[in-house]
Number of protein chains: 2
Amino acid sequence: MGHVDIYRAIADPTRRAILDELADRSGQSLFELRARLVMKHGIDSSRQAVSQHLDVLETAGLVRTRREGRSKLHWLVGAPLKAIGERWPVSTDEDTPHSSDEDIEK
Amino acid sequence: MGHVDIYRAIADPTRRAILDELADRSGQSLFELRARLVMKHGIDSSRQAVSQHLDVLETAGLVRTRREGRSKLHWLVGAPLKAIGERWPVSTDEDTPHSSDEDIEK
DNA sequence: TTGACATGCAAGCCCATGCTTGCGTATCGT
DNA sequence: ACGATACGCAAGCATGGGCTTGCATGTCAA
């Protein structure tokens, strides 16, 4: 699997729905997740498709897992996503742009 | 151009560098941006490539523009990115997962 | 007006990505 | 042991995304 950062990981709408689901209920297995994606989000992905999405999310560090018998339980790691909103500022002059070497007077 | 949301817009590393650059200096033209991407980020994208990235960012609502003579100036709209960090919670038990119908004792 | 500069548009190429398909492995109940 | 359940792996396919290429449009300086 190619290099995966959190930005690429959340670029896919199905993966975002998976994160939403795990936020709603922790410790879900692959089958539980798939069932809930169909019911609550109208996403009818195959087991393998969901599994591959979970691999991407886990590689990106947004999901952790624990084996429980023959199931693999998943839970959300939301902390890394906080950094995204803090990377770029919300400038105070978003509606009145100016070039930076322009003089700002008054 | 296919449907563009902010998640897909920031999935590309070059586009994130563009946002970084616009955060550092507002009101840059396409040529200014391209020059600074090469110098400060080591990204040697063509003019057309940068232009298309800017289109994606503008469509996603992360960049706004203003024509200034024969140049088109760009500036960052950072506000929509704040919502990303707030979409998913940071659970308090991210390191000690449990299935949701499991009893937690002690 | 002429040429240089800054950008727009549109078609084509190539590779990454998401998905399917088929088979393999491990765990549980009986 | 046997079948059923839950998942893993790996190859192939098809679409989309990022980039290039070529030409067109618009603006400024002389």
Side-chain angles (χ1 to χ4, degrees), chain A residues 1-19 21-22 27-38 41-60 62-75 97 99 101, chain B residues 1-19 21-22 27-38 41-60 62-75 97 99 101:
Chain A
M1 181 181 318
H3 175 241
V4 178
D5 55 45
I6 62 173
Y7 296 97
R8 234 183 47 66
I10 62 171
D12 185 273
T14 300
R15 284 198 287 269
R16 293 199 295 274
I18 289 175
L19 295 182
E21 255 314 308
L22 289 178
Q28 293 192 65
S29 71
L30 175 56
F31 270 48
E32 283 179 289
L33 270 169
R34 170 167 150 64
R36 293 180 138 238
L37 285 176
V38 174
H41 301 265
I43 297 173
D44 188 25
S45 297
S46 70
R47 173 184 70 87
Q48 293 85 344
V50 177
S51 174
Q52 285 166 2
H53 282 310
L54 286 169
D55 284 342
V56 172
L57 290 170
E58 189 172 2
T59 302
L62 296 177
V63 162
R64 291 191 189 172
T65 63
R66 191 187 64 184
R67 287 218 71 102
E68 182 88 2
R70 48 187 156 182
S71 294
K72 187 178 182 183
L73 308 184
H74 304 75
W75 68 98
S99 102
D101 38 24
Chain B
M1 182 181 318
H3 177 241
V4 178
D5 55 43
I6 61 172
Y7 296 97
R8 232 184 49 65
I10 63 172
D12 185 272
T14 298
R15 284 197 287 270
R16 293 198 296 274
I18 289 175
L19 295 182
E21 256 313 307
L22 289 178
Q28 294 191 64
S29 71
L30 176 56
F31 270 49
E32 284 178 289
L33 270 169
R34 171 167 149 63
R36 293 179 136 239
L37 285 175
V38 175
H41 300 265
I43 296 173
D44 190 25
S45 296
S46 71
R47 172 185 71 84
Q48 291 85 344
V50 177
S51 174
Q52 285 166 2
H53 281 312
L54 285 169
D55 283 343
V56 172
L57 291 170
E58 190 173 2
T59 303
L62 297 177
V63 161
R64 290 190 190 172
T65 63
R66 189 187 64 184
R67 288 216 70 103
E68 182 89 3
R70 49 186 154 182
S71 293
K72 187 178 182 181
L73 308 184
H74 303 76
W75 70 97
S99 97
D101 38 21

[X] [atom1] to [N] [atom2]: how many Å, rounded?
X	N	atom1	atom2	result
B/L30	C/dT7	CG	C1'	7 Å
B/E58	C/dT7	CD	C1'	13 Å
B/D55	C/dG8	CG	P	7 Å
B/Q28	C/dA6	CD	P	14 Å
A/D5	C/dA16	CG	C1'	14 Å

Test: B/D12 and A/R8 ion pair at under 4.0 Å: no
Heavy-atom closest pair, residues [X] and [Y]:
X	Y	value
A/L73	A/G27	CD2-O, 3.4 Å
B/L22	B/H74	CD2-O, 3.5 Å
B/W75	B/R66	CZ3-N, 3.5 Å
B/I6	B/A60	CG2-O, 3.5 Å
B/T14	B/S45	CG2-OG, 4.1 Å
A/E32	A/Q28	OE1-CA, 3.4 Å

Determine whether a donor-acceptor pair (N or O, by modelled atom type, separation under 3.5 Å) exists between the side chain of A/R16 and the backbone of A/A11.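 At least one qualifying donor-acceptor pair exists.
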Please confirm whether the backbone N or O of A/I10 pairs with a side-chain atom of A/R15, one donor and one acceptor, at under 3.5 Å? no
Bending between helix ends of the helix from C/dT1-D/dA30 to C/dT30-D/dA1 [5 pairs per end, 10° resolution]: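 One end's axis against the other's: 30°.
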Any A/R15 side-chain nitrogen or oxygen under 4.0 Å from OP1 or OP2 of C/dG18: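 Yes, such a contact exists.
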Run the side chain to side chain contact (heavy atoms under 4.5 Å, CB included) test on B/T65 and B/L54 for me, step by step, so that the C-alpha distance in whole Å, both residues' side-chain angles and the decisive distance to 0.1 Å come before the verdict. CA-CA 10 Å; B/T65 63; B/L54 285 169; over 6 Å; no
Taking any atom closer than 4.0 angstrom to a non-hydrogen atom of chain A, what span of DNA chain D does the protein reach, first nucleotide to last? D/dA4 to D/dA10
Which nucleotides of nucleotides 19-30 of chain C have their base under 4.0 Å from a protein heavy atom (B), which only their sugar-phosphate (S), and which neither (-), written as one string 5' to 3'? BBBB----BB--
DNA chain C: A/A11 or B/S51, which has the more 5' nearest nucleotide? B/S51
With the side chain counted from C-beta on, respond yes when A/L19 and A/V63 share a heavy-atom pair under 4.5 Å apart, and no when they do not. yes
